[in-house]
Novice: 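Here's a structure for you.
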Amino acid sequence: MSQKHILIVSLNTAIDRIIYLPSFETGKISRAKQVQEQAGGKAINVARALVALGHKVQVIGFAGGFTGQHIKADLLTSNIPSSLINISGNSRSCYIFVDEIKKQETVVNEPGPIITEKEFQSFCQELSQHIKEAKMLICSGSLPRGIPFTCYQQFVNLGHSYKIPVLVDATGETLKLAVSAKPYLIKPNREEAETLLGKQINDSEAIEVAKEIYNFGLELGLISLGSQGAVGVWKTGEIFVAAPKINAINSVACGDAFLAGCASAILAGKSSEEIIISGVAAGSANALVGGARISLATFEELKQELRKKHNV
């Protein structure tokens, strides 16, 4: 019997063009110092980080046109197994402009392709095949046009029927509907949590808000606070894990690496404290390189540092 994989739903795959500039100003001509191209979209970033952490993954989604071919080729060279449904539309590109002096990123995402009902049905068939060999399901990222907002909710319920944990990273109506199906956890940042709960959130309220998220019926309520770290709440406790002090290069895909770190700890049967610590360690390891190309050694080093700090 083959080793089970982490099944990763990537409905809005992309080619990420990470453009490094000495400085970036709108309305002016800028000259790039370096351009890094890789298959992306949030779900693929999660897959890339999980592969770096030594996990077996399977990415399923869509790919179309020249960009779709580019995505498939990059996944192949990156040793990320995938099964992407061919579509009539073109897959998108995302542009990340990194200002190296200010250490800021400006992101421009193209709209996703229009997915036909027939193409979505083909995807659902692919999902029902691959989930039989899955030990976890991760649904991450935006939806291309034509996909119903209920899809992640539907996939969470499918995961429940196979008794595997489902992790969701989404926004807006897609996230609200997914939460109603009670995944293991969701990974909102502050802004996404504000939209989900319909209110503004101050740093001092983060734990209370994570409690509200937990009370939706999740195993773990968490909020990612970016460079500040993350908070988590579960049945018997709560934690705030401050991000370690590092010389960050950029934050491209840090949230996706965070989710990969959480997934890795869940599969290892770790405690809720360690799940949050693992997420913060992976996000911080990513900030040293960007683009979900984390180092396992750096991740382990940062994780140990955080475990000592929290006596875990």
Side-chain angles (χ1 to χ4, degrees), residues 2-16 38-51 53 55-65 67-92 94 112-170 174 178 181 183-184 187 253 256 259-260 263 267 292:
S2 64
Q3 184 194 353
K4 291 206 164 189
H5 53 241
I6 301 170
L7 185 58
I8 302 174
V9 170
S10 179
L11 297 176
N12 215 1
T13 55
I15 283 292
D16 285 348
Q38 63 185 45
K42 291 181 74 62
I44 287 177
N45 290 336
V46 175
R48 196 179 295 280
L50 280 167
V51 168
L53 296 180
H55 291 278
K56 183 182 178 185
V57 304
Q58 177 74 33
V59 174
I60 57 171
F62 301 104
T67 307
Q69 289 172 10
H70 193 170
I71 290 164
K72 286 182 177 180
D74 183 72
L75 289 175
L76 200 59
T77 57
S78 301
N79 296 313
I80 300 172
S82 68
S83 180
L84 300 179
I85 302 294
N86 289 317
I87 55 170
S88 54
N90 292 315
S91 295
R92 66 195 177 124
C94 299
I114 296 170
I115 305 298
T116 66
E117 196 175 328
K118 188 179 176 187
E119 288 164 349
F120 184 57
Q121 286 310 314
S122 295
F123 169 83
C124 290
Q125 286 167 10
E126 198 76 14
L127 173 62
S128 51
Q129 284 305 309
H130 284 290
I131 202 164
K132 293 172 187 173
E133 290 301 314
K135 56 185 174 181
M136 173 182 276
L137 176 64
I138 298 178
C139 304
S140 181
S142 61
L143 307 183
R145 291 168 290 174
I147 299 279
F149 290 134
T150 52
C151 69
Y152 283 179
Q153 179 188 37
Q154 175 188 333
F155 303 159
V156 173
N157 285 326
L158 182 64
H160 288 325
S161 70
Y162 281 88
K163 296 183 169 52
I164 59 172
V166 186
L167 280 50
V168 175
D169 187 4
T174 309
Y184 188 101
K187 191 213 71 68
D256 307 319
L259 187 59
L267 288 173

Novice: Hey, what do you get for NE2 (His70) to CG (Leu75), rounding to the nearest 0.5 Å?
Specialist: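 One finds 10.0 Å between NE2 of His70 and CG of Leu75.
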Novice: Kindly say whether Gln3 contributes a backbone atom to a donor-acceptor pair with the side chain of Lys56 at under 3.5 angstrom?
Specialist: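 Such a contact is found between Lys56 side chain and Gln3 backbone.
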Novice: With the side chain counted from C-beta on, respond yes when Asp16 and Cys94 share a heavy-atom pair under 4.5 Å apart, and no when they do not.
Specialist: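 Yes, their side chains come closer than 4.5 Å.
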Novice: With rounding to the nearest 0.5 Å, note down the distance linking NE2 in His55 to CG in Leu50.
Specialist: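 The NE2 atom of His55 sits 6.0 Å away from the CG atom of Leu50.
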Novice: Of all heavy-atom pairs between Lys72 and Ala63, which one has the smallest distance, and what is that distance?
Specialist: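 Nearest heavy atoms, Lys72 then Ala63: CE-CB, 3.9 Å.
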Novice: Check whether any side-chain N or O of Thr116 sits under 3.5 Å from a backbone N or O of Glu119 as a donor-acceptor pair, and report yes or no.
Specialist: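 Present.
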Novice: Picking from Val156, Val9, Leu167, what satisfies side chain to side chain contact (heavy atoms under 4.5 Å, CB included) with Leu137?
Specialist: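 The single option meeting the side chain to side chain contact (heavy atoms under 4.5 Å, CB included) with Leu137 is Val9.
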Novice: Does the side chain of Pro113 come within less than 4.5 Å of Ile87's, by heavy atoms?
Specialist: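 Ile87 reaches Pro113 side chain to side chain.
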Novice: How far does OG of Ser82 sit from CD1 of Ile8, to the nearest 0.5 angstrom?
Specialist: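 Spacing of OG (Ser82) from CD1 (Ile8) equals 11.0 Å.
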Novice: Show your working on side-chain contact (heavy atoms from CB on, under 4.5 Å) between Thr174 and Ile147 and close with a plain yes or no.
Specialist: CA-CA 10 Å; Thr174 309; Ile147 299 279; over 6 Å; no
Novice: Identify the heavy atoms of Ala178 and Tyr152 that sit nearest to each other, and give their distance.
Specialist: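 So the two residues come closest at CB-CB, 3.9 Å.
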Novice: Are side-chain heavy atoms of Gln154 and Cys124 found at a separation under 4.5 Å?
Specialist: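 Yes, their side chains come closer than 4.5 Å.
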Novice: Kindly give the heavy-atom pair with the smallest separation between Gly159 and Val166, and that separation in Å.
Specialist: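 Nearest heavy atoms, Gly159 then Val166: CA-CG2, 3.8 Å.
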Novice: What's the shortest heavy-atom distance between Lys42 and Asp169, and which atoms?
Specialist: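 Distance-wise, the nearest heavy atoms are CE-OD2, 2.9 Å.
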Novice: Can you tell if the side chain of Lys187 reaches within under 4.5 Å of the side chain of Ile138, non-hydrogen atoms only?
Specialist: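 When only atoms from C-beta onward are counted, Ile138 and Lys187 do not touch, as no gap falls below 4.5 Å.
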Novice: Check this for me: Tyr162, atom OH, are more than 12 non-hydrogen atoms of other residues, nucleotides or ligands nearer than 6.0 Å?
Specialist: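 It does: Tyr162 OH has more than 12 such atoms within range.
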Novice: Atom SG in Cys151, atom CG in Leu11: separation rounded to 0.5 Å?
Specialist: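 Cys151 SG to Leu11 CG: 5.5 Å, rounded to 0.5 Å.
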Novice: Would you find a donor on one side and an acceptor on the other, under 3.5 Å apart, between the side chain of Asn45 and the backbone of Ala292?
Specialist: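 Looks like no, no N/O pair under 3.5 Å.
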Novice: Without swapping roles, check the side chain of Arg92 against the backbone of Pro144 for a donor-acceptor pair under 3.5 Å.
Specialist: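 No: the side chain of Arg92 does not pair with the backbone of Pro144.
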Novice: Could you tell me whether the side chains of Asn12 and Ser142 share a donor-acceptor contact shorter than 3.5 Å?
Specialist: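 The answer is yes; a qualifying pair exists.
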Novice: Mind listing the closest non-hydrogen atom pair of Ala260 and Leu53 along with its distance?
Specialist: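 Distance-wise, the nearest heavy atoms are O-CD1, 4.2 Å.
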Novice: Find the distance between CG (Leu267) and NZ (Lys135) and round it off to the nearest 0.5 Å.
Specialist: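 It comes to 5.5 Å.
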Novice: Shortest non-hydrogen contact from Leu143 to Pro148?
Specialist: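 Closest pair (atom of Leu143, atom of Pro148, distance): CD1-O, 3.7 Å.
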Novice: Can you list the residues that meet the ring pair (Phe, Tyr, Trp, His ring centres under 6.0 Å) rule with Phe123, with sequence neighbours excluded?
Specialist: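 Expected list: Phe62, Phe155.
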Novice: Once you round to the nearest 0.5 Å, how far does CD1 of Ile6 lie from CE of Met136?
Specialist: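 Rounded to the nearest 0.5 Å, the CD1-CE separation comes out at 6.0 Å.
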Novice: Are the side chain of Ser91 and the backbone of Ala14 linked by a donor-acceptor contact shorter than 3.5 Å?
Specialist: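 It does not hold such a pair.
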Novice: Treating His5 as the side-chain partner and His130 as the backbone partner, does any N or O pair qualify as donor plus acceptor under 3.5 Å?
Specialist: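 Checking the backbone N and O of His130 against the side chain of His5, a donor-acceptor pair under 3.5 Å is found.
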Novice: Do Arg48 and Gln38 come within less than 4.5 Å of each other through their side chains, counting heavy atoms only?
Specialist: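 Counting from C-beta outward, Arg48 and Gln38 do come under 4.5 Å.
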